[in-house]
Structure formats: C-alpha cells, structure tokens
Amino acid sequence: MTRILVIAISVLLFYLEPIFGLFSPIELNTDFYVLVPRFLIIYLIFVAVYYDRKRAMLYGLFFGLLYDVFFIDIIGLYSFIYPLMCLVASFTVKYIHQHLLVSTILTLLLVAGVELLLFLFYTSIGIKTMTFTYFYQHNLIPTMIANAVFLLMFGWAFKYILLNRFNQKALLLQK
Amino acid sequence: MPQFFSNKRLILLLVGMIFLVALISFSLRDRNHASLPEQVIKDVVGFGQSIFSKPTQYITGVFDNVESLLNTYDENKRLKVRLEDYVALQASVNDLRLENDELRKIVDKEEDLRAYNPIQATVIARNPDQWEEKIIIDKGEIHGIEVNMAVMTAQGLIGKVTLTTPYTSTVELLSTQNPNYRVSAVIAEGKEVFGLIEGYDEKRKELILKRIDSEYEVKKGQKVTTSGLGGIFPKGILIGEVTEVTTDDYGLTKLAYVKPAASFSILDHVIVSKRTITNVDGTDGGNTDADLTEGAGDGS
C-alpha cells in the first residue's frame, strides 16, 4: 500500500504542477509576479532524504524526461537537474541531522538552486533576456514563498509516509 | 569525499555530461518538430493532464460564476445603456454583411482573407516553469490543427501553434521573446496602416508594433488587428490597442506599443482558427525564418 503511495504521490504532483501554473503570473500593483510550482522536486528531495537515494534519482530522471518532452521541448534539462538535486540532497544529509526543519530549509535552498540553474541556462542560450535583479524580485522570491507554503503544509505528511515506507522495507530486509 | 570521485564514477560522470550537452544541443536545434517517441510521450502525458485539468476548470468556473453573480447588478445597469446602441449596430452589421456578400457574388470572388473555420480547444496545461510563454491545448492533428495556426480567445489574438502531435498541440503566446515571432498587423481606422508585431516589452507588458511607415499618422487608442497579409493568420482578429507611438532606433519608421486585448495570464478556452484561403509561408510563418535564425545565431 505505502509502496504504491510513494509513486502515486509523485504522479499526482507531476500533474498538479501545470494546473497551479495556470494561476500564475499574478498581478499585484500593476507588477507581475511569477510563481513556479516546484512540488515534484520538493517531494523527490524528501524521498532522497528519508527513503532511498537511488529511487529518488530514478524518479527524478523519469519525471524530468517527461517534463522535458511535454513542456519545454529541450531534452536533458530537467532530466539532469532533478537527479542532480536528489544527489546533492542525499550527500548533504549525511553530514546534517535529519530533522524536518533542517530538511525543509535544505529543500528550499535546493529549489532556489533549481531556479538559479534554469535562469543561467535560459539567459545563456538567449531564449529569455532578463537581468538578475528582475529575476530575483519577480521570479525567485514569489516562487520561494509559494513553495515554502506548500512545503510547510505537506512536508510532515511526506516525511511520515516516506519514513513509514523506509521502516517497512527495513523490516522486510531483516526477515 | 574520496569515495565519490572514484575512477569509475568520474568516467561515468564525464560521459553523462557529454551525452547531456549533445542531447540539449540536438533538441535545441529542431524544436518545431516532434519525433515519434516525443509525440507518444506528449500524447500520453497530455491525456493524463486533461483528466486532471478538466475538474479544476470546472471548480474555477464555479468560482468565476459566483464572482460574476455578485457583480450582476452593476453590470446590468451598464449593459442596459449599451443595449440600444447594440441593436442599431447589429442592424447595420447585418445590412453591410448582406451587401458585402452580394458585391462578392457580382465580382465572382469567393475567397476571403477573413474567413476561417474555428476549432474550439481547452487549455490543459501551461508550461509550469514559465520561462517560455507556452500553453498546451487538447486538440491536435486528428482534429485538423496544423503548425502556425492562429490561436485566440473571445477577447483577441493570443498566439500561434508551434508544435502538433496527434492529440495535443503547443501554442506559443504573443508575449514570447522569440525574435522570429512576427504577426503582420494593420491599424484600420480611416486609412489602413500596416506594421509587424515584433517583440514584447516585458516591463510594460505590451506588444511592439514595428515598421510602420512614418508618413502615416498613428494615434493612441487606435485598434490593431491582424492584416491577413502575413500568409497564415486570417484577417481581422483583434490584437490590441495602441498606447504610445515613437520612432524606432534608426528614426526611419514608426514604432507603436500595443496593449493586448486578450489577457495572457489565465486562459482556459481558446479558439484555433484554420484559415480557409491557401496558406502562404509569409511573414507570420517561417519563410524568412531561415536567414533570420542564422543572423540571430551569429549575434548570440
């Protein structure tokens, strides 16, 4: 049951991202702010931290590839960034405590890393011309706030489910 | 981390990097055609996406309905004032349309740049990372959609189809920064003034209408529509309203900022227009595209 749940949540989040994307950009005082939903990578980082690094990277590769093909038509962008972030997360977590608060902060930092990498990529290949301050004010900060809200709402649930699954697997291995 | 950089892993990493760069450059080169595996993935993911997005649209529709219900009284008052004008306008439109048809029959001219077959479509996703202005709709080649068709909402033009698969298609919005994205436009008030929609001002959130002959006068508030002379878009789709007129960088032609009539932010139902007259690969499409991309490649 929990085994299917781990995959089902990632599929659900993959499909929910573009739907939340439809509400963005939002207009505040004639300025537009872009909120990018990064639910899937948040979840995958949690998978890497609490459950299994290899599995997280595999999911990252798979969903990253789907994301590349379906949305942006540049193959290799997300399918590289997603597993990379999972790898970084699992290496960092070896040196720090696995507390929920710590992993929340780590996840937010990595999401900011994803945004930054994408900013560098898109500006360097010339699809988008944007200054860093504009990106910082209109993309990065609103995105971080939106994803922090999501993380605070669901982070504990992810941790609960994944640890449950981890313990289940450990028990199976003991037998 | 000595164990991380063992020889085997290092080689694997390097090979992976090379493969990645090759893959990215390969897919960047030819982004307007989807290969067979890409099409299959797009259709499968698109099917799942439409299952998720239809209920969401229903829910947001309910919220919209409640909101418009709250505004009903004010709106009704305003509409009543305009209703009388509307009847008169409708009568004259009917009259003109009839006359137009008759005149067309007399001169034996069947084709019309304005005529198009509308295809209704639902937006199933917006590119969630929003670095590129793209939406994905739930109609594809099977429903008769082809690359470069104009896409609009009830308010006005929003973009054109850039990629099709059997069951989905990708639409690039007018608010893109793609330098090869052009729409042949006209300001038809009194005299017809032609220009090209080229580019989008990110800060002002307005389109830029370039290459207007400086002999003609363009005023603030004039309506800009598609001209139908670009070879792909039908004539007479509203694009927006002129907000400011200046001269271009070289002072040879005029340049106008156009506030788009349609909102690009929340889109759900769109109309794809299939022009009935023959399509020509003109300024709207890719005819001049080839040499322009070469120039852009040198520049960047």
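Chain identifiers are assigned alphabetically (A, B, ...) following the order of the sequence lines, protein sequences preceding nucleic acid strands; residue numbering begins at 1 within each chain. Side-chain atoms are counted along with the backbone in the values below, which use heavy atoms only and exclude waters and symmetry mates.
No other option in A:Val114, A:Leu66, A:Leu118 has as many heavy-atom pairs under 4.5 Å with chain B as A:Leu118. By number of non-hydrogen pairs under 4.5 angstrom with chain A, the leading residue of B:Gln49, B:Glu38, B:Gln57 is B:Gln49. Counting heavy-atom pairs closer than 4.5 Å to chain B, the top residue among A:Val34, A:Val36, A:Leu35, A:Asp73 is A:Asp73. Taking chain B as the reference chain and counting heavy-atom pairs below 4.5 Å, the highest number among A:Leu77, A:Ile72, A:Thr143, A:Val11 is found for A:Ile72. Heavy-atom pairs under 4.5 Å with chain B were tallied for A:Phe80, A:Phe20, A:Phe14; the largest tally goes to A:Phe80.
Heavy-atom distances place no part of A:Phe39 under 4.5 Å from chain B, backbone and side chain included. Neither the backbone nor the side chain of B:Ser25 comes within contact range of chain A; no heavy atoms are under 4.5 Å apart. Contacts between B:Ile51 and chain A at a heavy-atom distance below 4.5 Å are absent for every atom of the residue. Within the 4.5 angstrom heavy-atom criterion, no atom of A:Leu65 approaches chain B. With a 4.5 angstrom heavy-atom cutoff, A:Tyr67 touches chain B only via side-chain atoms. Heavy atoms closer than 4.5 Å to chain A are found nowhere in B:Val21, neither backbone nor side chain. Only the side chain of B:Ile136 comes within less than 4.5 Å of a heavy atom of chain A; its backbone N, CA, C and O stay farther away. Heavy-atom distances place both the backbone and the side chain of B:Leu23 under 4.5 Å from chain A. At a 4.5 Å heavy-atom cutoff, the contact between B:Thr56 and chain A is made by side-chain atoms alone. Only the side chain of B:Lys134 has a heavy atom closer than 4.5 Å to any heavy atom of chain A. Both the backbone and the side chain of A:Tyr15 have a heavy atom closer than 4.5 Å to some heavy atom of chain B. Contacts of A:Asn139 with chain B are made by side-chain atoms alone, with heavy-atom separations under 4.5 Å and no backbone atom involved. If you measure heavy-atom distances from B:Glu133 to chain A, the contacts under 4.5 Å come from the side chain alone.
Ring pair B:Phe47/B:Tyr167: centre-to-centre distance not below 6.0 Å. In summary, the aromatic rings of A:Phe71 and B:Trp131 are positioned with their centroids too far apart to meet the 6.0 Å limit. Separation of the A:Phe119 and A:Phe132 ring centroids falls under the 6.0 Å cut-off.
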Requested in this report: Apply side chain to side chain contact (heavy atoms under 4.5 Å, CB included) to the pair A:Leu106 and A:Leu110, showing each step before the final yes or no.
Outcome: CA-CA 6 Å; A:Leu106 174 70; A:Leu110 287 176; 4.3 Å; yes
**Report entry** Evaluation steps, side chain to side chain contact (heavy atoms under 4.5 Å, CB included), between B:Lys54 and B:Thr122
**Finding:** CA-CA 9 Å; B:Lys54 296 249 159 89; B:Thr122 308; 4.3 Å; yes
Query raised in the report: Given B:Gln120 and B:Ile271, is the side chain to side chain contact (heavy atoms under 4.5 Å, CB included) satisfied, shown in steps?
Result: CA-CA 5 Å; B:Gln120 306 285 338; B:Ile271 305 157; 3.8 Å; yes
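At a cut-off of 3.5 Å, with distance as the only test, no side-chain donor of B:Asp138 or B:Ser50 sits close to an acceptor on the other residue.
Here the shortest heavy-atom pairing between B:Ala262 and B:Thr153 reads CB-OG1, 3.6 Å.
Looking only at distances, a side-chain donor or acceptor of B:Thr243 sits under 3.5 Å from a matching main-chain atom of B:Tyr257.
Relative orientation of the A:Phe154 and A:Phe158 rings is parallel, given thresholds of 30° and 60° on the angle between their planes.
A salt bridge does not link B:Lys220 to B:Glu241: none of the charged nitrogens lies less than 4.0 Å from a carboxylate oxygen.
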